[in-house]
Colleague: 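After the structure tokens below, expect a handful of questions from me.
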Amino acid sequence: MELHLFEIFLEGCGGSAFPKADLSAKKEKYASVITSLVTEFNQRFQDFSVIEKQIKLFSTPFLVDAEEVEESLQLELIEMQCDDSLKSQHQLLSLPDFYQSLDHAKFPLMRRHAKRMMSLFGSTYICEQTFSLLNQNKSRLRSRMTDSHLCEVLRVSTTKLSPDIPAILQSKGQHHCSH
């Protein structure tokens, strides 16, 4: 949204947004950069427009019109919206904690929907994190690294497991190498 405002500002070259800035010299350069950023954002996030209603249902279930939701979720959503204690819980808790606190028997479909929405962003984050680690480890300075070594480095880099060093050492009978 702000990028679009900057784009309009640069096209009209009004001075209200940046009163002390002299942008006349590089106006076209800034305008083209902002235009390309807007285009890039639109391309990257076009998939979100497809699931926009599902994201709104997940993030603000008490503001969504039940008639605009999938039929399978409508009854549970209406039940949820009529419960004042759930409304207050939604305001107090984080989204994952809120959905985790929902009664399993009463809201199974809403809980499943929430899990689906949360997994979208988590899996994207993990994917981007792994790709970033891949680029760091497989640089031109380390181009001789084999795929198997790279796989092992990525496995160690992305795991949440931490080795129990004292237990490993204890299982080894001898703590130092003998000559």
Side-chain angles (χ1 to χ4, degrees), residues 1-4 6-7 29-30 32-64 69-70 72-73 76-77 80 86 89-179:
M1 188 64 156
E2 289 178 5
L3 284 176
H4 187 63
F6 287 144
E7 186 178 29
K29 177 183 173 186
Y30 293 139
S32 70
V33 168
I34 289 175
T35 302
S36 68
L37 279 173
V38 168
T39 304
E40 183 72 22
F41 276 119
N42 289 338
Q43 287 174 348
R44 286 188 183 256
F45 296 109
Q46 70 185 356
D47 295 342
F48 286 107
S49 64
V50 174
I51 60 169
E52 183 178 7
K53 286 183 180 179
Q54 295 169 339
I55 293 172
K56 282 184 182 177
L57 173 62
F58 167 68
S59 61
T60 56
F62 295 97
L63 300 177
V64 174
V69 176
E70 296 175 30
S72 61
L73 295 170
E76 287 185 18
L77 178 63
M80 183 187 294
L86 288 178
Q89 273 187 335
H90 182 262
Q91 291 173 345
L92 296 173
L93 299 173
S94 66
L95 282 175
D97 290 339
F98 169 73
Y99 283 106
Q100 192 171 17
S101 73
L102 289 179
D103 186 349
H104 297 275
K106 210 171 178 182
F107 302 105
L109 299 176
M110 287 298 292
R111 287 175 54 90
R112 186 171 4 124
H113 176 73
K115 287 176 186 176
R116 241 184 293 148
M117 291 294 106
M118 285 188 277
S119 70
L120 284 175
F121 302 106
S123 61
T124 302
Y125 169 76
I126 291 169
C127 210
E128 287 182 11
Q129 179 188 29
T130 306
F131 188 72
S132 201
L133 287 166
L134 174 102
N135 285 334
Q136 288 173 0
N137 287 296
K138 187 90 176 190
S139 65
R140 65 180 178 83
L141 299 174
R142 297 177 79 182
S143 61
R144 295 176 130 193
M145 185 180 287
T146 64
D147 286 343
S148 64
H149 285 119
L150 182 62
C151 184
E152 292 164 0
V153 168
L154 288 175
R155 181 175 294 132
V156 169
S157 300
T158 57
T159 188
K160 291 184 179 185
L161 300 175
S162 57
D164 186 1
I165 303 293
I168 293 171
L169 290 175
Q170 191 138 26
S171 71
K172 298 290 180 198
Q174 187 177 1
H175 296 301
H176 57 82
C177 297
S178 60
H179 298 271

Colleague: When rounded to the nearest 0.5 angstrom, what is the spacing between CE in Met80 and CG in Leu57?
Modeller: 8.0 Å

Colleague: Any chance you could measure Met110, atom CE, to Asp103, atom CG, to the nearest 0.5 Å?
Modeller: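 Reported to 0.5 Å precision, the distance equals 13.5 Å.
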
Colleague: Let me confirm one number: the CD1-OG1 distance from Ile34 to Thr39, rounded to the nearest 0.5 Å.
Modeller: 12.0 Å

Colleague: Do Leu63 and Lys56 pass the side-chain contact (heavy atoms from CB on, under 4.5 Å) test, and can you show the C-alpha distance, the side-chain angles, and the key distance before you say yes or no?
Modeller: CA-CA 9 Å; Leu63 300 177; Lys56 282 184 182 177; over 6 Å; no

Colleague: Would you say Lys53 and Val69 make side-chain contact, with heavy atoms under 4.5 Å?
Modeller: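 They are not in contact (no side-chain heavy atoms under 4.5 Å apart), so the answer is no.
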
Colleague: Would you sort out whether Leu95 and Met117 count as a side-chain contact (heavy atoms from CB on, under 4.5 Å), showing the intermediate values?
Modeller: CA-CA 11 Å; Leu95 282 175; Met117 291 294 106; over 6 Å; no

Colleague: Under 4.5 Å between any side-chain heavy atoms of Tyr99 and Lys115, yes or no?
Modeller: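 No. Closest side-chain heavy atoms not under 4.5 Å.
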
Colleague: How long is the span from the CZ atom in Phe107 to the OG atom in Ser101, to the nearest 0.5 Å?
Modeller: 9.5 Å

Colleague: Atom CZ of residue position Arg155 - does it have more than 12 heavy atoms of other residues, nucleotides or ligands inside 6.0 Å?
Modeller: no

Colleague: Where do Gln54 and Glu70 land on the side-chain contact (heavy atoms from CB on, under 4.5 Å) test, with the steps shown first?
Modeller: CA-CA 9 Å; Gln54 295 169 339; Glu70 296 175 30; 3.7 Å; yes

Colleague: How long is the span from the CD atom in Gln91 to the CZ atom in Phe62, to the nearest 0.5 Å?
Modeller: 8.5 Å

Colleague: Does the pair Leu86 and Leu102 meet the rule for a side-chain contact (heavy atoms from CB on, under 4.5 Å), with working shown?
Modeller: CA-CA 8 Å; Leu86 288 178; Leu102 289 179; 3.7 Å; yes

Colleague: Compare every heavy atom of Gln100 with every heavy atom of Arg111, then report the nearest pair and how far apart it is.
Modeller: NH1-O, 3.0 Å

Colleague: Nearest 0.5 angstrom please: Glu76 CD to Arg112 CZ, how far?
Modeller: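 Nearest 0.5 Å value for the CD-CZ distance: 9.0 Å.
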
